[in-house]
Amino acid sequence: MELSYLIYQLIIGLSYSMLLFLISSGLTIIFGLLNIPNFAHGTLYMLGAYFTYFFLHSLPGASFVVAIILAVIAVGVIGAFLEYVPLRKIYERSHALQLLMTFSFILMLDDATKYFAGTDFLSIATPKLMAGSFTLPGDREMPVYSLFIILCGLVVAYLLWLGLYKTRLGKLVQAGTANKEMLSALGINVPRLFTLVFVLGAVLAGLAGGLAGPLKAVSVGMGETIIITIFAIVIVGGVGSLKGAFIASILVGELNTFGVVFFPSFAMAFTYILVILVLLTKPEGLFRIK
Amino acid sequence: MAKKKITRRAFVKVVGSGALVAGAATFGVPTLLRASSKPIKFGQLNTTSGIMASQGVPGMRGAQIAQEIINQAGGIMGRKLELVQEDDQVKPSVGVRKFRKLVLEDKVDFVFGTNSSGVGLACVPLANEFKKIFISTSMSDKYTGSNCSPYVFRIGESTSMASKASAYCMVANEPGIKKWAGINPDYVFGHESWDFFKKGMKEKKHPVEIVKESYSPFGSQDYKPYITALLESKAEGVFTSLWTGDLINFIKQAKPFGFFDKVKAFVNNTTSFATAIGLGDQMVPFWGEARYYPFYRDTEINRKYISMYRKKFDGYPGADVGAECFATVMALKLAIEKAGTTDTPKVIAALEGLEFEVPEGKKWIRPEDHSGIDEVVLLGKFHRDSKYPFWVYDPKTYFTVPGKEIAMPLDQTGCKMAKP
Amino acid sequence: MSLLEVRTVSKSFGKLQAVSELELSIDEGEVRCIIGANGAGKTTLFNLISGRIQPDSGQVVFAGEEISGMRPPQIVRKGLSRSFQVSNYFPNLSVFQNVRIAVLSRMRKSRIFYWPVSRLRDVNQRVGELLENFNLLSLAEVTADKLSHGDRRKLEISLVVAQEPRMLLLDEPTAGMNSTETESTIRLIKDLVTRLGLTLLLTEHDMKVVFSLADKITFMHYGQVVCEGPPEEIKANQDVKEIYLGGEVC
Amino acid sequence: MPSKPQTLQNPIIWFLVSLVILWAAPLFLPTFYVYLITEILIVSLFAVSTNVLLGFTGLLSFGQVAFFGSSAYAVSLLIKGTSLPFAASFFISVGLSALAALIIGLFCMRLRAFYFAILTLAFSQIFFVVAYKWTSLTGGDDGIVGIPKKPFFLFDINGPDAYYHFVLLVVMVSLALLYLIIRSPLGEVLQAIRDNSERTEFLGLQVRNYRLASFVIAGTFGGVAGALFAPFQGIVTPELLHWSHSAEPLMISLLGGMYFFFGPIAGAVIFVFIKEWITGFTEYWMFWYGLLLMLLIMYLPGGIMGFISEHIRRGKDGPK
């Protein structure tokens with residue numbers, strides 16, 4: 001197999017990786033600081049897609065970008081509600097109970113979506129500017145939108161890195177992820193910080209949902225089809241580690257791409273094999289937050 | 001084995017007969033019969049929650065429309081038709097539990113439905129155990145093959161029919177294409193579809209070079225590696241049995257690669273018309289094969305089905321399963337009337353060889369294996385039509401195969417049915 | 001003959017040198033007390049000896065056998081048990097059950113899965129004795145996390161004693177106890193040592209406790225041993241006085 | 001508890017009384033409920049076995065379906081593919097799940113908390129993929145259809161009542177064994193590990209070995225439940241091995257009260273009935289079901305048994 005084809009696949013895989021990173025970054029931050037394994041994270045991603053569709057079609061003249069921004073806000077509001085009302089009650093409980101709680105969110109949000117939007121598939125058009133592709137040597141096409149997703153992933157990664165490492169708030173989140181007691185010792189309003197971080201995570205999921213719109217059938221249940229992959233990424237990367245989520249997203253995305261090229265019949269098992277291999281060698285993920 | 005003749009007389013006008021029965025129920029029927037005005041109960045299993053709700057919900061709706069038509073016309077032999085609908089959650093274990101509930105608790109007379117063969121096949125042993133008729137609305141050939149039973153029917157197209165019809169259509173319309181590739185879902189249906197497509201090509205003695213065979217897991221998020229691999233194989237024609245969300249995801253991700261320009265023919269054997277509705281103006285030109293295509297037959301029953309569906313549910317009746325469930329309810333009604341009773345063995349006998357017309361067209365149930373056989377199976381190539389907010393088949397490309405021609409020959413079904 | 005020997009053991013956490021090239025030797029039957037300010041490395045030393053953490057360099061030898069590198073359960077099986085500074089018990093189990101875990105382990109009956117634990121007469125009898133010794137019998141049925149602070153400390157020590165070790169490491173056994181509780185605990189420990197001939201290594205802030213128990217005192221500062229000797233000697237040591245909170249020691 | 005009087009709460013008496021009542025149940029109940037209770041019994045056993053890990057060892061495993069499902073597949077293949085008597089197939093299948101639990105357990109024991117959960121999930125998903133893809137053996141997603149209920153030793157277990165009685169006996173014996181294990185020294189050590197694994201180590205107990213034992217026990221009895229389930233349904237499909245099916249016994253244990261041996265049983269009864277009822281009355285059952293779950297977690301975090309025992313305790317303390 002020629003080198004240019006491999007590089008081509010590498011870039012194709014990267015666009016999937018970056019989409020995965022957009023979703024998993026939010027989950028890993030929430031899981032790291034709040035210590036809540038939010039099973040409904042995929043559902044927030046779904047809501048991002050639905051809201052984008054809704055704003056795109058209900059506001060006359062709304063552009064894709066405007067629709068996504070509005071959708072992200074809407075998902076953020078829902079995230080704030082989920083954190084503020086039910087989740088706050090169970091911070092001290094076991095992971096199992098927290099999982100069950102967030103599972104109940106999935107049930108409710110899925111059915112509410114079904115009630116308002118129906119069960120038919122919806123489809124978000126690729127914005128005209130990005131609908132085309134570049135033709136590469138060898139008569140290969142590189143879709144503009146795939147490159148756009150890569151760009152979005154890198155920009156979000158950079159902004160999160162800035163936010164987490166260069167601002168006071170980010171440093172608090174870092175400190176809190178490593179050591180919960182430290183936050184209250186520093187006199188921080190912990191509940192407010194938690195709400196803020198949960199909303200940030202929800203916003204990232206919503207953004208990913210909106211950006212995934214042009215690549216996917218928007219449908220109820222699209223969150224459940226991706227959530228295990230996202231959890232796998234967070235765990236492989238190390239809970240709470242942004243760098244870990246970034247690297248693990250690339251691993252999963254590229255593994256999926258090259259796996260399909262070289263070992264297509266194992267496609268269903270790729271992610272799980274990766275999880276097993278990583279956890280057996282690094283029981284706390286690639287990048288452990290101390 | 002003697003083939004059963006289809007006589008013109010035997011095609012029953014569903015609506016007309018309904019009206020007749022309604023009249024009979026009110027005036028002509030002896031009091032003895034009228035006294036048993038207990039409703040006739042049909043139990044239905046389909047998926048109304050989760051990712052497969054896009055299939056199951058229209059299935060429920062299709063049956064509800066049939067029920068409304070029947071009851072407005074006076075019911076079945078003067079008895080009201082009652083539907084008991086249950087969500088199978090696409091889980092065979094739930095399907096089994098709900099089947100038992102329908103039979104034992106709700107005391108339904110007949111059971112039908114399912115939009116996944118996993119659930120449907122799980123119901124087969126129960127139908128045998130409870131000696132209840134079960135009519136499947138999912139596509140597996142096994143209902144009328146290795147798992148066939150006196151109590152089990154499948155009145156819609158099967159996987160083999162849909163796949164072979166796709167092959168025939170390609171041989172007829174794209175005879176120049178020799179290099180074929182497949183992208184199919186990585187489960188039984190996908191593998192069978194691809195095998196039957198190749199078989200269909202062989203039957204037509206079409207020289208085929210298979211340049212790529214790929215299978216993607218159900219619910220794949222990223223089809224780009226499959227797409228680039230297909231393009232790299234330089235296939236001229238691509239067959240797929242992806243369906244529902246998977247098909248939409250594939251199409252949306254393939255489009256920017258110029259896939260539908262580079263590949264001369266793309267043919268799909270399970271194009272629920274809901275796909276076209278879902279994609280709207282982002283649709284691409286490809287060959288579709290649907291069990292139900294709303295705009296082909298301008299028959300009274302089809303018009304009625306579409307108009308009632310649109311009025312009741314605000315949307316087009318795109319999904320196959322909707323029409324399939326509608327057809328099933330109608331077939332059962334006719335069989336009950338033909339048998340004059342809801343007694344299972346007699347209704348089985350009445351269903352065997354039944355000919356009827358539904359929105360999907362005219363159908364006949366082959367007695368030997370209980371397989372429904374359409375008068376014709378239709379394919380067409382999607383194009384933009386300003387009359388509709390979505391793409392439809394280009395009428396110039398309509399391609400039909402007589403159902404009997406592609407029905408699995410009786411000696412190949414593997415069905416050994418012991419009559420009850 | 002020395003029972004426990006710590007040979008040039010060092011441990012650092014990042015830039016912090018918690019214990020550096022520490023040497024310690026404790027004879028069989030001796031009661032040794034380690035004193036020093038907070039952060040002197042006492043608890044780290046305990047963790048190193050008991051296998052909770054591994055030394056960066058050096059060795060820990062117990063009864064002639066190297067135990068550094070072993071996991072805690074193995075070390076316990078050799079006869080070296082420890083208590084914790086912050087009470088460390090089983091919060092959702094009753095006091096009785098808490099002690100029973102230790103007794104089951106000691107009597108090698110923890111693997112029995114085919115017989116109710118409530119029917120193991122010898123085990124339950126032993127638990128009863130221990131609770132009686134520690135004045136906890138009236139609280140036997142109370143869930144451990146409902147105990148008062150002093151009772152938790154008693155439970156903590158009873159868990160260690162229940163293992164009948166050759167050597168006992170007690171990390172501030174009387175921390176947070178009131179004076180009567182402290183007195184009775186000291187009496188208990190003294191009694192145990194004399195009755196069972198135990199070797200005892202403990203850290204303690206309360207100098208009354210230290211001087212009434214210790215045969216020998218080791219004074220630690222910044223992860224190193226500053227001086228070592230019988231109580232009177234330490235009492236008189238000028239360094240200790242200076243470093244350790246001025247004259248408060250005596 | 002050691003010092004409590006055992007007369008009123010002798011578990012053997014309770015065991016016999018409930019066995020007799022349940023044995024007679026088909027005399028009074030319509031067939032559908034016989035099926036439903038059969039299912040509840042099997043689900044209860046699966047949940048109680050899972051709860052040995054969750055509630056009594058403090059391990060959140062998402063992989064318990066691997067043992068339930070592999071046993072269900074094994075028993076189906078043995079029944080359909082060999083002439084072995086059912087009893088032999090049954091015990092071989094259970095043995096296989098125990099072996100699978102031992103092997104997977106050895107790999108997973110190093111991991112803590114959620115990492116453990118995800119690793120067990122990954123392993124069980126490998127089982128799922130195998131069942132899904134090895135079509136020639138397992139029938140792929142269509143599964144193995146038509147598993148007959150062959151006689152168990154000399155007992156004919158065909159028919160709903162007969163199979164119910166068979167399930168009842170096996171489940172009651174299994175529950176009795178599990179109860180014994182939980183009340184045994186081993187069970188007490190497991191609870192100690194749940195409460196404080198580090199302290200358990202400092203009492204001279206190799207936590208990893210006990211956790212592994214717990215994992216094998218849970219896997220074995222999960223396997224018993226699976227081997228009962230396959231002939232009951234007459235079909236096995238990969239659904240039984242999917243991770244989402246692992247969530248069910250966890251949910252049942254939490255709802256019922258995971259710190260109580262009988263919690264999962266209470267959970268199973270309520271869970272199956274609520275779900276049956278709620279899915280029957282509305283297409284939007286998921287919403288109402290989700291809302292109910294959320295409220296239960298918010299207001300009864302200790303589960304049903306936790307709530308009841310709290311009230312009993314309050315009732316006792318009240319007059320003082």
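We name chains A, B, ... by the order of the sequence lines, and we start the count at 1 in each one.
Other residues, nucleotides and ligands contribute over 12 non-hydrogen atoms within 6.0 Å of the CZ atom of A:Phe55. The local environment of CG in A:Leu151 is crowded, with over 12 non-hydrogen atoms from other residues, nucleotides or ligands closer than 6.0 Å. Annotation: A:Phe266, atom CZ; neighbour count of heavy atoms from other residues, nucleotides and ligands within 6.0 Å does not exceed 12.
The choice from A:Leu20, A:Ile226, A:Thr126, A:Asp110 that makes the most heavy-atom pairs within less than 4.5 Å of chain B is A:Ile226. Ranked by heavy-atom pairs under 4.5 Å with chain B, the first of A:Leu215, A:Val220, A:Leu107 is A:Leu215. Each of A:Gly13, A:Gly221, A:Ser123 has some count of heavy-atom pairs under 4.5 Å with chain B, and the biggest count is that of A:Ser123. Note: B:Asn249 leads B:Asn249, B:Leu247, B:Ile248, B:Leu231 in heavy-atom pairs under 4.5 Å with chain A. Here A:Asp139 is the residue among A:Asn256, A:Val144, A:Thr229, A:Asp139 with the most heavy-atom pairs under 4.5 Å with chain B.
Minimum interatomic distance between B:Lys234 and A:Gly138 (heavy atoms only, all atoms of both residues): NZ-O, 4.5 Å. Closest non-hydrogen pair, A:Pro143 versus B:Pro256, comes out as CB-CB, 3.6 Å.
Interface remark: A:Asp111 contributes no atoms to any contact with chain B (heavy atom separation under 4.5 Å). For A:Leu122, the part lying near chain B is the backbone, with the side chain staying farther off; criterion is any non-hydrogen pair under 4.5 Å. For a residue to count as touching a neighbouring chain, one of its non-hydrogen atoms must lie under 4.5 Å from one of that chain's; by this rule A:Ala131 touches chain B with the backbone only. Heavy atoms closer than 4.5 Å to chain A are found nowhere in B:Ala274, neither backbone nor side chain. Residue contact with chain B, scored on non-hydrogen atoms closer than 4.5 Å, involves the side chain of A:Tyr8 exclusively. Both the backbone and the side chain of A:Thr225 come within less than 4.5 Å of a heavy atom of chain B.
Distance CG/A:Leu19 to CG/B:Asp222: 8.5 Å, rounded to 0.5 Å. For the atom pair OG1 of A:Thr119 and CZ of B:Phe313, the computed distance is 10.5 Å after rounding to the nearest 0.5 Å. Here OG1 of B:Thr275 is found 7.0 Å from CZ of A:Phe121. Values are rounded to the nearest 0.5 Å. Rounding to the nearest 0.5 angstrom, the gap separating the CD atom in A:Glu141 from the NZ atom in B:Lys255 is 14.0 Å.
A heavy-atom distance below 4.5 Å is not found between the side chains of A:Met222 and B:Gln221. Between A:Val260 and B:Tyr226, the closest side-chain pair of non-hydrogen atoms falls below 4.5 Å. Between B:Phe257 and A:Ile12, the closest side-chain pair of non-hydrogen atoms falls below 4.5 Å. Residues A:Gln9 and B:Thr228 meet the side-chain proximity criterion, which asks for heavy atoms closer than 4.5 Å. The shortest distance between side-chain heavy atoms of A:Ser219 and B:Ile51 falls below 4.5 Å.
Under the side-chain contact (heavy atoms from CB on, under 4.5 Å) rule, A:Met268 has a single partner from B:Pro217, B:Ser216, B:Ser220, which is B:Pro217.
Side chain of B:Lys252 to backbone of A:Lys216: a donor-acceptor contact under 3.5 angstrom is found.
Looking only at atom types and distance, the side chain of A:Ser146 has no donor-acceptor partner in the side chain of B:Lys224 under 3.5 Å away.
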